Amino acid sequence: SFERLHGNSFLRDACSLEFMLGFQTQAAASSKLDRRSGLPDVEALLASLDQQGLEPRLVTSLLARLRHSDGLKLLNALEDRQEANIYHYNSLLNSFSKDSSWSLALAFLEKMNGRKVQKDAISVNAAIRACALAECWQKSLELLQVMQQEMLRSDTISFNSAISGMSGPQWPLALQLFEDMERLTVVASTVTINSILACADEMNVAKLQRLLQSMRLMQLQKDVITYSSAIHACGADWERAISFLQQMRDEEIQINLIARNAVIDACDKGNAWQVAIQLLRGADTIGFNSAINACAVEWTMAIQLIEQMQNQELQLDVITFNAAIGACDEARNWKKSFELFRELQGRRLVPNTRSYAAVIHCCEMEGLWPEALRLLQNMDQRGVELNTMTYNSAINACEKASEWTLALHLFTSLESSFLDPTVVSFGACAKALEQGGRWMEVLDLLVLMMLKSHPPDVVASSAAITACAKEHVWLEALDILEDMLDFQLDIPSIAVSATYSACERRSVPAGARTRHFG
């Protein structure tokens, strides 16, 4: 049993030889190993603790590795023996932070308030890191405030951990934290700047330049992560992204795939497909996918890039095919879109919502309503998430084919699926109902649109006016026209003409106005 423990490199590094020799005599502890972690079973450790105690450094190391429940058991036993120290608490807190167990970290930190051992800056830093990894940025900010309130000095690690959780819309808060660091004279590091840059999907030029200039003023060394993150923060500004790539060459910083892919992604966002293609030398699947996506209507180029990927023996994935299908969809080449969709499935790749959405959109543009309905059914059967966009495309396909009953059925299914219909959904269904002469249903749809907090739009309102005009329902047509004026909509001439046409006939079905508008 001693050989089994001694063979564990973690234990070998953590413990002194004298302790291991002592541990060899403890049969209960050494005979049971946790199969998942390769560490001693917690019950065996507790038994060993009761018999003759455990070496403190080993306990600190074990607390960082044991399952949370086992670590808590071991720490409770140490507390009962009054042997727990701050290193033990912080080690367990660090284990919580490593797997983003932020709620457990916060509860444990609160528990420390009533203990003999008081939390320190390292304790709070571990909790901040757990919150940041779980993207609970509000909690990270609260913990920074706690540090100030309890006179625990926040350091570079504190702020870096909090900043790392400010991705997406919260990235301006990362800049605010950077300013707080300057105010509190907390030294920023390269990691600080890299983390701020990585948070922003798109940062304006002035802020981007200020951050990079601050590195020069603080004599911080830019690295490949700095430039990769800066390129990512360029958003659609592909020319600036390329200038950063050139700076990397000038400063002899090795350009890795992440940096190159970030530039290609900027070209994709900036609709610069020709530039993206020139950057593909040595690119991987991610780079090629961005370039294919940048091709937009240039579907032939998208196909050529797929062939180039195959020649270079790069892995084609769902994103590859989605991008190519999207290019064919933009170019209204529905046959090629379907061909790529079939190839995707033939490669035993699983099409996702975006795959189906692109193909169904092709059906919409070509009025292929039976195929659109089949694809929707296929999505449901395969458990692929249906979204409002896929429904809208199918409804539009039915509208183009004057299949108003199917369009109405799809609209009803959209609502019953707990998805929110958009203005596009209402407009497409209204147009289909208008073509079917269903003026009362169109008016009902306008009422529902208002109940869903959607203001009247040109498409649905015009369809309703046209439907009323066909049945010479002049009063309802006038009401809708007045609503369009009230909402300052651009009224198409056809809607005005339709209203005049209905007024000329002056035929109003009994009770229609009362039924629909009270």
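Predicted model only: the values in this text are computed from it and were never measured.
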Residues Val117 and Ala84: closest non-hydrogen pair is CG2-O, 3.6 Å
Atom of Leu66, atom of Gly71 and distance for their closest heavy-atom approach: CB-N, 4.0 Å
Can you tell me if Arg260 and Asn256 form a side-chain donor-acceptor pair at under 3.5 Å? no
Any side-chain donor near an acceptor of the partner, Ser416 and Ser413, under 3.5 Å: no
Can you establish whether the number of heavy atoms outside Arg183 located under 6.0 Å from its atom CZ is more than 12? yes
Is the backbone of Asn261 close enough, under 3.5 Å, to the side chain of Asp265 for a donor and an acceptor to pair up by distance? no
Phe288 side, atom CZ; Gln315 side, atom CD - distance, nearest 0.5 Å: 14.0 Å
With side chain to side chain donor-acceptor pair (under 3.5 Å) as the test, would you mind laying out the steps for Asp155 and Asn160 before giving the verdict? CA-CA 9 Å; Asp155 56 14; Asn160 286 356; over 6 Å; no
Heavy-atom nearest pair, Leu152 first then Val124, reads CD1-CG2, 3.9 Å
Quick check for you: to the nearest 0.5 Å, what is the distance between Trp273 atom CH2 and Ile292 atom CD1? 13.0 Å
Check: Asp120/Tyr89 side-chain N/O donor and acceptor closer than 3.5 Å: no
Determine whether a donor-acceptor pair (N or O, by modelled atom type, separation under 3.5 Å) exists between the side chain of Thr388 and the backbone of Pro421. no
Would you say the side-chain atoms of Ser161 and Ser164 include a donor-acceptor pair closer than 3.5 Å? no
Donor-acceptor contact below 3.5 Å, side chain Ser61 vs main chain Arg57: yes
Can you tell me how far the CG atom of Leu305 sits from the SG atom of Cys295, to the nearest 0.5 Å? 5.0 Å
Leu316: what forms a side chain to side chain contact (heavy atoms under 4.5 Å, CB included) with it, not counting sequence neighbours? Ile306, Met309, Gln310, Thr320, Phe321, Arg347
Atom of Ser95, atom of Ala64 and distance for their closest heavy-atom approach: CB-O, 3.6 Å
Any side-chain heavy-atom pair from Arg382 and Pro351 closer than 4.5 angstrom? yes
Side chains of Ser290 and Asn293: any donor to acceptor distance under 3.5 Å? no
Does one side chain, of Asn194 or Thr226, offer a donor that lies under 3.5 Å from an acceptor on the other? yes
Looking at every non-hydrogen atom in both residues, tell me the closest pair between Ser228 and Ala262 and how far apart they are. O-CB, 4.1 Å
Above 12 or not: heavy atoms from other molecules or residues under 6.0 Å from CD1 of Ile286? no
Gln221 CD: over 12 foreign heavy atoms closer than 6.0 Å: no
State whether the side chain of Ser393 and the backbone N or O of Thr390 hold a donor-acceptor pair below 3.5 Å, judged by distance alone. no
Examine distances only and state if a side-chain atom of Thr422 and a backbone atom of Val424 form a donor-acceptor pair shorter than 3.5 Å. yes
Looking only at atom types and distance, does a side-chain atom of Ser91 sit under 3.5 Å from a main-chain N or O of Thr60, one as donor and one as acceptor? yes
Suppose we screen for ring-ring contact (aromatic ring centres under 6.0 Å, His included). Which residues come up paired with His454, at least two apart in sequence or across chains? Phe426
Can you give me the closest heavy-atom contact between Leu280 and Gly287, atom names plus distance? CD2-O, 3.8 Å
What distance separates Leu414 CG from Leu410 CG, expressed to the nearest 0.5 Å? 9.0 Å
When Ile325, Asp329, Asn392 are each screened for side-chain contact (heavy atoms from CB on, under 4.5 Å) with His361, the one that passes is Asp329
Residues pairing under salt bridge (charged side-chain N to carboxylate O under 4.0 Å, His left out) where one sits in residues 126-145, two or more places apart or in two chains, turn out to be Lys139-Glu142
CA sep, side-chain torsions, deciding dist, call: Phe159, Phe178, ring-ring contact (aromatic ring centres under 6.0 Å, His included): CA-CA 8 Å; Phe159 280 96; Phe178 179 58; 9.9 Å; no
Over 12 foreign heavy atoms within 6.0 Å of CE, Met181: yes
Scan side-chain atoms only and decide if Thr285 and Asp317 contain a donor-acceptor pair under the 3.5 Å cut-off. no
Please, which pairs that meet salt bridge (charged side-chain N to carboxylate O under 4.0 Å, His left out) have at least one residue in residues 222-241, sequence neighbours excluded? Asp237-Arg240
Distance from Leu340 atom CG to Cys328 atom SG, nearest 0.5 Å? 5.0 Å
Any side-chain donor paired with an acceptor under 3.5 Å for Asp250 and Gln246? yes
Once rounded to the nearest 0.5 Å, what's the spacing between atom CG of Leu197 and atom CD1 of Ile163? 10.5 Å
Using a cut-off of 6.0 Å, state whether more than 12 heavy atoms not belonging to Ile225 lie near its atom CD1. no
Salt bridge or not for Lys119 and Glu110, using N-O below 4.0 Å? no
Are Leu419 and Tyr391 close enough that some pair of their side-chain heavy atoms sits under 4.5 Å apart? yes
Partners of Phe96 by ring-ring contact (aromatic ring centres under 6.0 Å, His included), sequence neighbours excluded? His68, Phe108
When you measure from the side chain of Thr353 to the backbone N and O of Glu385, does any donor-acceptor pair fall under 3.5 Å? yes
Determine all donor-acceptor pairs shorter than 3.5 Å in which one atom belongs to a side chain in residues 200-212; sequence neighbours excluded.
{"unit_1": "Asp201", "atom_1": "OD1", "unit_2": "His232", "atom_2": "NE2", "d": "3.4"}
{"unit_1": "Asn204", "atom_1": "OD1", "unit_2": "Ala206", "atom_2": "N", "d": "3.2"}
{"unit_1": "Asn204", "atom_1": "OD1", "unit_2": "Lys207", "atom_2": "N", "d": "2.8"}

